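Naming: A, B, ... by sequence-line order, numbering from 1 per chain. Every value quoted in this text rests on a predicted model; they were computed, and no experiment measured them. When reading the values below, keep in mind they use all heavy atoms of this one structure, side chains included, and skip hydrogens, waters and symmetry mates.
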2 protein chains.
Amino acid sequence: MLLFMKAMTIGEVAKAAEIGVETVRFYEREGLIAEPPRRRSGYRQYPADTVRRLRFIRRAKELGFTLAEIGELLDLRVDPTKSCADVRTVGRAKMADIESKMLDLARIQAALTELVRTCRGKGPTSDCPILDALDEQEVKRGDR
Amino acid sequence: MLLFMKAMTIGEVAKAAEIGVETVRFYEREGLIAEPPRRRSGYRQYPADTVRRLRFIRRAKELGFTLAEIGELLDLRVDPTKSCADVRTVGRAKMADIESKMLDLARIQAALTELVRTCRGKGPTSDCPILDALDEQEVKRGDR
DNA sequence: ATGCACCCTGTACCTCACTACAGAGTCAAG
DNA sequence: CTTGACTCTGTAGTGAGGTACAGGGTGCAT
């Protein structure tokens with residue numbers, strides 16, 4: 001009920017979407033949300049469904065989409081020449097993206113584990129095998 | 001042999017360490033490497049072991065350490081009151097850090113997998129379950 | 001009618017790790 | 001002695017995604 005009919009101020013939509021007022025204006029500048037109508041005073045008057053859109057943005061961000069990608073998703077939604085498959089393609093691309101980040105982190109974690117393992121934790125830093133390793137060894141890297 | 005005795009220009013150390021000349025100057029400003037002596041002309045004259053230090057920085061970066069953390073590691077190395085255990089502590093902290101990033105990514109990956117799974121890839125974007133989900137669902141989040 | 005919370009624009013600032021000039025001077029080979 | 005590659009300082013810009021003012025104006029409850 002709350003979401004219908006009532007024009008909202010920027011503070012109201014921001015609070016409802018759980019983001020900051022400045023962020024709402026920022027998204028407007030970035031073209032993620034439309035410029036709303038204004039009162040005579042210049043105050044922005046948001047239709048209530050702006051809250052949905054802002055929440056969409058917030059959730060997509062939580063899934064690791066960049067603002068540019070979120071813009072694409074929002075565009076897909078209103079483009080009648082695009083299909084659900086296009087959305088899925090974007091989702092799959094992001095999954096590949098995240099997979100690759102996870103592999104990077106796993107490789108780093110393995111290298112760190114090995115370094116920490118070699119260190120007995122005794123003696124001066126001048127004899128530390130971790131520091132020695134950083135001094136001498138190449139860090140293996142995955143293909144990127 | 002190459003690493004002993006010969007003073008090097010900034011271009012030479014940069015090339016040997018496989019980083020850019022501007023980056024070397026940047027690290028100097030950041031305090032990661034010492035200010036080297038200069039020629040009359042003002043040209044920097046690097047002792048050859050600067051290359052080792054720069055490589056240390058590069059490798060530590062590959063392991064996910066920030067420049068601030070690398071500065072700490074470099075400081076630990078010359079501080080006689082610190083021990084190998086202190087280095088290991090820094091390493092373990094970074095491992096925890098990376099672990100937490102991996103958990104975040106895994107959570108995101110799971111959510112994306114589920115979204116993509118629900119999408120048959122047919123029909124208009126207006127009926128896309130992925131977009132619908134972003135519109136309606138809360139994304140579960142881990143404690144951070 | 002007045003006080004306070006809110007809104008406006010514009011600009012600057014934040015983190016991180018560089019990168020890119022501009023405009024000047026220097027080095028070394030041919 | 002000239003040419004071209006290199007170096008110097010200082011400043012500004014990048015990208016991503018905001019955040020923080022300053023210096024105004026507005027809305028509304030009391």
Side-chain angles (χ1 to χ4, degrees), chain A residues 6-33 35-46 50 53-74 94 97-98 101 104 108 144, chain B residues 6-33 35-46 50 53-74 94 97-98 101 104 108 144:
Chain A
K6 195 157 140 289
M8 301 168 82
T9 66
I10 193 168
E12 286 164 350
V13 287
K15 190 163 185 201
E18 294 174 88
I19 61 178
V21 164
E22 307 273 12
T23 304
V24 176
R25 285 194 280 250
F26 172 72
Y27 288 164
E28 182 182 314
R29 283 199 299 280
E30 295 294 298
L32 291 174
I33 58 174
E35 291 190 32
R38 307 283 187 122
R39 294 197 197 179
R40 276 78 56 209
S41 63
Y43 279 31
R44 287 169 180 81
Q45 292 242 267
Y46 289 99
T50 300
R53 194 167 175 106
L54 289 172
R55 284 195 179 143
F56 181 103
I57 294 169
R58 188 164 60 71
R59 282 166 201 151
K61 251 167 47 63
E62 285 165 0
L63 289 176
F65 290 98
T66 64
L67 294 188
E69 289 162 344
I70 293 167
E72 280 173 46
L73 286 173
L74 289 166
K94 182 52 60 181
D97 209 39
I98 288 171
K101 284 194 177 114
D104 280 353
I108 290 168
R144 305 264 272 121
Chain B
K6 197 157 139 290
M8 302 169 81
T9 66
I10 194 168
E12 287 163 350
V13 288
K15 192 165 184 203
E18 295 174 87
I19 61 178
V21 164
E22 306 275 10
T23 305
V24 177
R25 285 195 280 250
F26 172 71
Y27 287 164
E28 182 182 314
R29 282 199 299 281
E30 295 293 299
L32 291 174
I33 59 174
E35 291 190 32
R38 307 285 186 121
R39 291 197 199 182
R40 275 78 55 210
S41 63
Y43 278 31
R44 288 168 179 81
Q45 292 239 269
Y46 289 99
T50 301
R53 193 167 175 107
L54 289 172
R55 283 194 179 143
F56 182 103
I57 295 169
R58 188 164 60 70
R59 284 166 200 152
K61 252 167 47 63
E62 285 165 2
L63 289 176
F65 291 98
T66 65
L67 294 187
E69 288 162 343
I70 294 167
E72 279 173 47
L73 285 174
L74 289 166
K94 181 52 61 181
D97 209 39
I98 288 170
K101 285 195 176 109
D104 280 354
I108 289 167
R144 304 266 271 123

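Of all heavy-atom pairs spanning B/G11 and B/V21, the tightest one is CA-CG2, 3.8 Å. Of all the heavy atoms in A/L63 and A/K94, the pair that sits closest is O-CG, 4.2 Å. The shortest non-hydrogen separation linking B/M8 to B/A16 is CE-CB, 4.3 Å.
The interatomic distance linking A/E62 (CD) with D/dG18 (P) rounds to 11 Å, in whole Å. Residue B/R58 contributes atom CZ, which lies 16 Å from atom P of C/dA17 at whole-angstrom precision. Per the geometry, CD belonging to B/E30 stands 9 Å off C1' belonging to C/dC16, to the nearest Å. Going from atom CG of A/L32 over to atom P of D/dA16 covers 13 Å, rounded to whole Å. Per the geometry, CG belonging to B/L54 stands 16 Å off P belonging to C/dA17, to the nearest Å. What separates CZ of B/F65 from P of C/dA17 is a distance of 13 Å, to the nearest Å. Distance A/R40 CZ to C/dC8 P: 14 Å, rounded to the nearest Å. Regarding B/I10, its CD1 atom lies at a distance of 16 Å from the C1' atom of C/dC27, rounded to whole Å.
In this structure, B/I70 CD1 and B/R58 CZ are separated by 11.5 Å, a value rounded to the nearest 0.5 Å.
Contact check, A/R44 against C/dC7: no side-chain N or O comes under 4.0 Å of OP1 or OP2. At the phosphate of D/dT7, OP1 or OP2 sits under 4.0 Å from a side-chain N or O atom of B/T9.
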Each nucleotide in nucleotides 18-25 of chain C should get exactly one letter: B, S or -. Can you fill that in based on protein heavy atoms under 4.0 Å?
BBBB---B
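Legend: residues meeting side-chain contact (heavy atoms from CB on, under 4.5 Å) with B/Y27, ordered by chain and number and at least two apart, are B/I19, B/T23, B/L32, B/I33, B/L54, B/I57, B/K61, B/L67. Legend: residues meeting side-chain hydrogen bond (donor to acceptor under 3.5 Å, both in side chains) with A/T66, ordered by chain and number and at least two apart, are A/E69. Under the rule for a salt bridge (charged side-chain N to carboxylate O under 4.0 Å, His left out), the partners of A/E22 that lie at least two apart in sequence or sit in another chain are A/R25.
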Atom pairs and distances, side-chain donor-acceptor, residues 39-46 of chain B, under 3.5 Å, sequence neighbours left out:
{"unit_1": "B/S41", "atom_1": "OG", "unit_2": "B/Y43", "atom_2": "N", "d": "3.4"}
{"unit_1": "B/R44", "atom_1": "NE", "unit_2": "B/E28", "atom_2": "OE1", "d": "2.9"}

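Note on A/R38: only backbone sugar-phosphate atoms sit closer than 4.0 angstrom, heavy atoms only; bases stay farther off.
A salt bridge does not link B/D104 to B/K101: none of the charged side-chain nitrogens sits closer than 4.0 Å to a carboxylate oxygen.
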Might you list the N or O atoms of the protein lying below 3.5 Å from N or O atoms in nucleotides 28-30 of chain D, with each pair's distance?
none

